[in-house]
2 protein chains.
Amino acid sequence: MAKQSQVIARERVLEAAERLFAGRGYAAVTLRDIGQAVGIKHASLYYHFPRGKEELYVEVTARRMQRYREGLERAIASARNGWYERLEAAANWMLAQPTMYLGRMMQSDMPAISDEAAEQLRKIVYSSLLQPLVAIFQNALQDNPEKLARSATYAGMFLSLIEGIDNLPASYVQGSKQELVKIMLDMLSNGIVGK
Amino acid sequence: MAKQSQVIARERVLEAAERLFAGRGYAAVTLRDIGQAVGIKHASLYYHFPRGKEELYVEVTARRMQRYREGLERAIASARNGWYERLEAAANWMLAQPTMYLGRMMQSDMPAISDEAAEQLRKIVYSSLLQPLVAIFQNALQDNPEKLARSATYAGMFLSLIEGIDNLPASYVQGSKQELVKIMLDMLSNGIVGK
DNA sequence: GTCTATATGTTGATAGAC
DNA sequence: GTCTATCAACATATAGAC
């Protein structure tokens, strides 16, 4: 194939790799898969990413998380100014995205790459996902110092619940995702059982 | 090595395989790893499990989940007879076990095995983890038909929260796991923010 | 029951031509 | 920039001796 612009070729590789890694995870995607998706041989990938698969994975994952964070912050900012509305906007936006596979990322992909790369990515992933949510809780809990200090914990719980909605089998979660978000937010507001 | 009792040899293989698969997941464990852990060559594993790695994985995972369910039910039964105490007992018991890696199991291991095996295991996993929890919610919500119908959803949310506690990085969850359980249960009782 | 030997496939990576 | 060719490493799995 004819020589292409350096930037364009590299960008096409990044896009294909991002789509594949995000969908199947680190180990299940081979360099040959990525090459095939772009239309080049896998050996040619080393021209753009001399250090190979891991370098490619780190770069696309970092990129993906940063874009995710931007989208999440935008979705939150565009909601009305109450904590309920902001959490609802965050949840609905996240559930409208392709599944994040956070569990696989943390429990399967990270252990498969070098410790340094994993540590770097873990920070990016959690700051991208959690910080926008932490801000909502901090704002909502201003009047309650004890709970305010637990904003990060609440944000983590919220994130876990979102992930759970994406993962639980359909047979266990009757109703649409939007309805589940309402149930979830109702729980965060008033509790389930009442003590 | 001398010939051993059929049952004993097979059992030793199962134990080693279970420990390895539970810790590292399906793809990251090789038959050589399992053979080495037992002290035999990997080819010998085919004597006990003629259909190879996948058969071994399915058998140990099903076994593990059934034992998990028994332990969970026992922990719940030994708690005092309120929903709060039962959920607390369930949570603390689960967090005292080795990490389940449910996300990895569902998002990485299952896609790596055959569809039939995956479907079979998914049912076992979710029934083992969720049914004991569903029973608690059903009991607690008897007086509220609308919420009672959502018992499975609540149980799923509870499970997601437990998983989340196991997964979130230490920097985001100050405090011990027991304290986190209290925070979580307080949220399930009364909500976080109050509407 | 466990061994050795081997078949067969896949993977990430490198070297060098064009 | 992309190619072909090749490599070493490692995987699952099978055949047959002991």
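Just so it is clear, the values below take in all heavy atoms, side chains as well, and ignore hydrogens, waters and symmetry mates. Below, chain A is the first sequence line, B the second, and so on; all start at residue 1.
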Is the Tyr26(A) ring parallel, tilted or perpendicular to the Tyr57(A) ring (thresholds 30°, 60°)?
perpendicular
Rounded to whole angstroms, how far apart are NZ on Lys41(B) and P on dT12(D)?
15 Å
Atom CD of Glu55(B) and atom P of dT12(D) are separated, to the nearest Å, by 15 Å
How many whole angstroms separate atom CD1 of Ile40(B) from atom P of dT4(C)?
12 Å
Please table the atom pairs, donor to acceptor, closer than 3.5 Å between any side-chain atom in residues 132-143 of chain A and protein atoms at least two apart or in another chain.
none

Hey, is the main chain of Arg104(B) close enough, under 3.5 Å, to the side chain of Arg104(A) for a donor-acceptor pair?
no
Are Arg150(A) and Tyr154(A) in a cation-pi setup, meaning NZ or CZ lies under 6.0 angstrom from the ring centre and within 45 degrees of the ring axis?
no
For the side chain to side chain contact (heavy atoms under 4.5 Å, CB included) test, which of Ile40(B), Val60(B), Leu20(B) pairs with Ile34(B)?
Leu20(B)
Using a cut-off of 4.0 Å between protein heavy atoms and nucleotide atoms, how would you tag nucleotides 12-18 of chain C 5' to 3' with B, S and -?
BBB----
Tell me: CD1 of Ile8(A) to C1' of dT2(D), nearest whole Å?
16 Å
Gln36(B) has an atom CD; how far is it from atom P of dA11(D), in whole Å?
11 Å
Distance in angstrom units between His48(A) NE2 and dC3(D) C1', rounded
13 Å
To the nearest angstrom, the CZ-C1' distance between Phe49(B) and dT12(D) comes to 16 Å
Roughly how far apart are Gln131(A) CD and Ser151(A) OG, rounded to 0.5 Å?
12.5 Å
